[in-house]
Amino acid sequence: MKNKKNIPKDGSFDHLNFEEVIDPLKADKIISSTQMKGWEEVSEVKQFPNRITKKVIPIDFTHYKMAIITKVEPNVLVDTHMHEEPVFRYVIEGEFELNGIRHKPGDWILVPGNTPYRVISEIGYTVLAEYGGKCGSPPDIVIGHINDSNNGGLNQ
């Protein structure tokens, strides 16, 4: 962390170092909290021991215009697809695999625009999804059940 000298000892100033925040429009690969050790330390923010903890997600959310809660039922496969713009997901409950990496509550994922990804969930999940100007959903043909072996795991 750079520039800690501007933070008073009582922690009353919430400092965010914007040089260390990820611009989703410049990302060239999928980035997630599960792969980014120390992401919680990007910013020092005021803490209230044993009462309130804050963790700044190191993403520049300027691009995003819509926050949408998305709930996915158990045994769903969202087959490989992509969106024109970067999408952000914060896992609220449940769990899923995105391109083979498991995500659970408290994890976040940034998928750059035009980056293929596939999601599999046996137990279902709920995420907070952030979109820019397009609330894109994958085409119906990529949504199915994970138990159909005749269709590469996709059963609509």
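The shown structure was predicted, so the numbers you read here are calculated from the model rather than taken from an experiment. What's counted below: heavy atoms across the whole structure, side chains too, no hydrogens, waters or symmetry copies.
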Acceptor/donor pairs from residues 55-76 side chains to any protein atom, 3.5 angstrom cut, sequence neighbours excluded:
residue, atom, partner, partner atom, Å
D60, OD1, T62, N, 2.9
D60, OD1, T62, OG1, 2.5

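- Here the side chains of I30 and L110 are not in contact, with every heavy-atom distance at 4.5 Å or above.
- Proximity of V111 to P86: side-chain heavy atoms (C-beta onward) are nowhere separated by under 4.5 Å.
- Minimum interatomic distance between G94 and P105 (heavy atoms only, all atoms of both residues): O-CD, 3.0 Å.
- A side chain to side chain contact (heavy atoms under 4.5 Å, CB included) with I109 holds for exactly one of V91, T34, V127; it is V91.
- Both L128 and I22 are part of a single hydrophobic cluster, where members link through side-chain heavy atoms under 4.5 Å apart.
- At a threshold of 4.5 Å between non-hydrogen side-chain atoms, the residues H103 and S32 count as touching.
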Checklist entry - What do the steps show when you test H83 against Y117 for side-chain hydrogen bond (donor to acceptor under 3.5 Å, both in side chains), and what is the final call? => result CA-CA 9 Å; H83 300 269; Y117 69 102; 2.9 Å; yes
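- Taking both residues in full, the closest heavy atoms of K29 and P112 are given as O-CG, 3.1 Å, listed atom of the first, atom of the second, then distance.
- For the pair T115/M82, no side-chain contact is recorded, criterion being any heavy-atom separation below 4.5 Å from C-beta on.
- Of the possible donor and acceptor atoms, none in the side chain of E93 sits under 3.5 Å from a partner among the backbone N and O of Y125.
- Take I120 and apply the side chain to side chain contact (heavy atoms under 4.5 Å, CB included) test, not counting sequence neighbours, and it matches L77, R118, I146.
- The salt bridge (charged side-chain N to carboxylate O under 4.0 Å, His left out) check on E95 picks up R102, with sequence neighbours excluded.
- Tested against F96, the residues V119, I101, I123 include a single side chain to side chain contact (heavy atoms under 4.5 Å, CB included) partner, V119.
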